[in-house]
A.B. asks: 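Have a look at the structure that comes next, please.
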Protein chains: 2
Amino acid sequence: MKQTDKSKISTKDKILDVALDLFSQKGYMGVSVREITREVGIKESSLYNHFQNKDEILETIFNLFRQEFAKTLPPITVLDDILASSTLEGFFERGFQNFKEHINQPKNEKFWRILFIEQYRDPMAREIFLYDIIKSTLDFLEIVFEKLIALGKIKKMTPNLLASEYQYPMFSMLAEYNMLRFDQKDTSDIERKMKDHIHFFISTVKL
Amino acid sequence: MKQTDKSKISTKDKILDVALDLFSQKGYMGVSVREITREVGIKESSLYNHFQNKDEILETIFNLFRQEFAKTLPPITVLDDILASSTLEGFFERGFQNFKEHINQPKNEKFWRILFIEQYRDPMAREIFLYDIIKSTLDFLEIVFEKLIALGKIKKMTPNLLASEYQYPMFSMLAEYNMLRFDQKDTSDIERKMKDHIHFFISTVKL
DNA sequence: GTCTATAGCAGGATAGAC
DNA sequence: GTCTATCCTGCTATAGAC
């Protein structure tokens, strides 16, 4: 269980915090065990009391991300209520807003950055991308569009295609957003593009 | 100048070839100078007669890529002729076909893979992505859509928005394509999605 | 332009005392 | 669970002979 006392963080959690921060800046290979332990304030050898090896730290981080991201999509059971009580614009704007709040939490931004950095080096990162993010989001949206068609709110088109048309631009805009943040460059252009996309998309599918 | 005699490749070119291949598989940090020189068939010290350091090898590869990618977009001067002599479908299908031929050349696929791998570690990779690829493609397409509107072939909409709507999905589908190739998984699904996107897009903008 | 030899350092990980 | 001390390996890069 979590620490019962306030402000006390276990060494293991401190290691995870520091590793999350460093990995998100320099990538897994760019960070040494020495660096992590120096930042945590323990000796290298002590780290091995908490993790078998460096790899296990990243694996733990990835598993935490999986749990965290799964929370961003509402369960199908409450979807009907949400759809019934929202306008088309309201629904997608709220979804976008939710995601923005998710990624604006520093911890989540770091998760995402690690995932982007490691996607071509680490098979687990690729798996999370392809399944936990891309596939699960598209599957969710496919159901959303099926329901929207049934409700007579949008044109009759293949739900699967609609999901792709809505979501794929968001994926690459998010990747661009991430790259810009990496260099601390201005992101207002790409954020505006995301909004423009949502409105363009709605205008083309609306009945 | 290039070697005048046939089949003779300079050591420098051989180093670049081997580095391109290895970097595209394991990333810059995953490949050592030792590994490159072993594969080339020279000693580590000999490499430093051709490149100042390991970094300069990657830099040279990136500059070669810049040149190569610039060839994929037709010059604006011949664009009018192409547009006048093509149907809407024909124009975009041919563009997609051109790109497929580009990325199916093993050397180019390796270039792309390195770029994806290094985009969060190497500022130059990010610059190439943001400017040489994203910005230049969007700028090109913006001109294309301006001309198509002037020709009365598509609806009057903001050319900039049309460029984004056409191209951003292609970027993320290409990223997914790359990930799948990395694991030697089947890419027919994502290739079909690319085609579906082109047709969906055309159907929404066509007059 | 290639080689041998080596410097100089940083990496992950372990043994064993406390 | 933390420490000191250490191992071993691999890394980039250089000096200098041929």
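This one's a predicted model, so the numbers in the text were calculated from it and none came from an experiment. Values below: every heavy atom of this structure, side chains too, minus hydrogens, waters and symmetry copies. Letters A, B, ... are given to chains in the order of the sequence lines, protein chains preceding strands, and every chain is numbered from 1.
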A.B. asks: Just by modelled atom types, is the His102(A) backbone N or O under 3.5 Å from a matching donor or acceptor in the Asn108(A) side chain?
C.D. replies: yes
A.B. asks: For Ile36(A) and dA13(C), what is the distance between atoms CD1 and C1' respectively, to the nearest whole Å?
C.D. replies: 14 Å
A.B. asks: Lys54(B) near the nucleic acid: base, sugar-phosphate alone, or nothing, with a heavy-atom cut-off under 4.0 Å?
C.D. replies: sugar-phosphate
A.B. asks: Nearest whole angstrom, please: distance from the C1' of dG12(C) to the CZ of Arg34(A).
C.D. replies: 8 Å
A.B. asks: I need the CG-P distance between Asn53(A) and dA13(C), as an integer number of Å.
C.D. replies: 5 Å
A.B. asks: Let's see if you can work this out: which of dT4(D), dA13(C), dT4(C) has an atom nearest to the side-chain heavy atoms of Ser45(B)?
C.D. replies: dT4(C)
A.B. asks: Expressed as a whole number of angstroms, how long is the span from Met29(B):CE to dT12(D):P?
C.D. replies: 10 Å
A.B. asks: Can you tell me how far P of dG1(C) sits from CD1 of Ile9(B), to the nearest Å?
C.D. replies: 16 Å
A.B. asks: Given atom CD of Glu44(A) and atom P of dT6(D), what is their separation to the nearest angstrom?
C.D. replies: 15 Å
A.B. asks: Any Lys/Arg nitrogen of Glu191(A) or Lys100(A) sitting under 4.0 Å from an Asp/Glu carboxylate oxygen of the other?
C.D. replies: yes
A.B. asks: From NZ of Lys43(A) over to P of dT14(C), roughly how many Å is that when rounded to an integer?
C.D. replies: 19 Å
A.B. asks: Does the pair Arg113(B)/Glu109(B) count as a salt bridge with the N-to-O cut at 4.0 Å?
C.D. replies: yes
A.B. asks: Counting just side-chain N and O atoms, does Ser46(B) come under 4.0 Å of either OP1 or OP2 of dC3(C)?
C.D. replies: yes
A.B. asks: Check this one for me: any side-chain N or O of Ser32(A) less than 4.0 Å away from OP1 or OP2 of dG11(C)?
C.D. replies: yes
A.B. asks: So Val31(A), base contact, sugar-phosphate only, or nothing? Heavy-atom distance under 4.0 Å.
C.D. replies: sugar-phosphate
A.B. asks: Under 4.0 Å between a side-chain nitrogen and a carboxylate oxygen: does that hold for Lys26(A) and Glu35(A)?
C.D. replies: yes
A.B. asks: Rounding to a whole Å, what distance do you find between Ile42(A):CD1 and dA13(C):P?
C.D. replies: 14 Å
